[in-house]
Amino acid sequence: MQEIKIFCPATIANISCGFDVMGLALASIGDEMLIRKTDNRGLTISKITGQNLPLETSRNVAGVAGLALLKDLDYSGGFEIEIRKRIKAGSGIGSSAASAAGAVWGINELLGQPYSSLDLVKFAMEGEALASGVAHADNVAPALFGGFTLVRSYDPLDVVGLNTPSELFATVIHPQIEVKTSDSRKILKTSITLKDGVKQWGNVGGLVAGLFLEDYDLIGRSLVDHIVEPIRSMLIPAYSEVKEATLSAGALGTGISGSGPSIFSLSQGEKNAKKVAKAMQDIYNKIGVDYDIYVSKVNKKGIYAL
Ligand code: HSE
């Protein structure tokens, strides 16, 4: 195989209670990438459409992640990448993760899969470090594994694929402002109280159990964030109004997608997810905030060839 065209899903990191450890991949939002073998050693980003991002390999998340893999393998050939961005940078649905994970997944396919998904997460995290200053894995892991994932440990890296209940749908609204992950991490406190810790890890355990038991009420009860949401929600227009409206419309739970500004809800069934979308839109239409809105199933396979 000389070239491969792939779909790289958008992702929702944190999923309310699991800051930096939980994530899920979305089925109907994502970028496309074309990755081609070349004779020249190294990696070139030859074209990016849809977003104004650097082509220079060392300043591009796909470039940095891909080079991490090639360096590890000591590969003598090279690759060229074209990226068609549909996920906006700074949207909170894993724009940099899609590019970083896509680059390493595609290169790994063209090389005959020398690396495991866990290895690919490590390489892709180098791209995330370039984008946000922190090598978090909660977007790249679901992009590469598909479905819901838990980063049980960063050192050593341990990623656990979780169950995806079949009736679960996500609704995501992206108010058209850009929030850089690096900025929205700077405003967080670096310590938490034991009391908040107890509430938070109770919810992480509840969410994991709810996913495996396919217990939608338990999933909903667990989608609560006592630590990050109270701080970051200040960056998002009408956050509490949107949240309240989605819960009244039947969402299981609502939170900040990744580092924001997108807001996500999980619902049981597509019909409910669409009702939730309408509730979100009504609020932003009323106050005049421009937005993109998506209703999507969970993507269970992660990145795939087109
Ligand atoms: N866990 C990361 C954060 C995700 O919340 O900063 C960024 O998409």
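Remember, it's 1-based here, ligands and their atoms both numbered in the order they're listed. Here the structure is a predicted model, which means the values were calculated and not measured.
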Ser222 to Gly206 - nearest heavy-atom pair and separation: OG-C, 3.2 Å
Atoms of ligand 1, numbered as shown, that sit under 4.0 Å from any heavy atom of Arg232: 3 (C), 5 (O), 6 (O)
Ligand-residue contact atoms, ligand 1 with Asp20, heavy atoms, under 4.0 Å: 1 (N), 2 (C), 3 (C)
Donor-acceptor pair, side chain of Asp119 and main chain of Ser116, under 3.5 angstrom: yes
CZ (Arg84) with more than 12 external heavy atoms under 6.0 Å: no
Residue Thr181 vicinity, atoms of ligand 1 by number, heavy atom under 4.0 Å: 6 (O), 7 (C)
Glu128, portion touching ligand 1 at heavy-atom distance under 4.0 Å: neither
Heavy-atom side-chain contact between Asn108 and Leu120 under 4.5 Å: yes
Working for salt bridge (Lys or Arg N to Asp or Glu O under 4.0 Å), residues Glu178 and Lys88: CA-CA 9 Å; Glu178 187 180 340; Lys88 290 182 184 155; over 6 Å; no
Nearest-neighbour protein heavy atom for atom 8 (O) of ligand 1, which is reported as residue plus atom name and distance: Asn139 OD1, 2.9 Å
N/O donor-acceptor pair under 3.5 Å between Ser262 side chain and Ser91 backbone: yes
Where ligand 1 meets Ala13 - atom numbers and elements under 4.0 angstrom, heavy-atom basis: 4 (C)
Numbering as shown, the atoms of ligand 1 that approach Asp138 to under 4.0 Å (heavy-atom distance): 1 (N), 2 (C), 4 (C)
Identified ring-ring contact (aromatic ring centres under 6.0 Å, His included) counterpart of Tyr115 within the set Phe123, Trp105, Tyr75: Phe123
Taking atom 3 (C) of ligand 1 as the reference point, the nearest protein heavy atom with its distance: Arg185 NH1, 3.3 Å
Which of the ligand 1 atoms, numbered from 1, are nearer than 4.0 Å to a heavy atom of Phe19: 3 (C), 5 (O), 6 (O)
Part of Asn14 with heavy atoms under 4.0 Å of ligand 1, whether side chain, backbone, both or neither: side chain
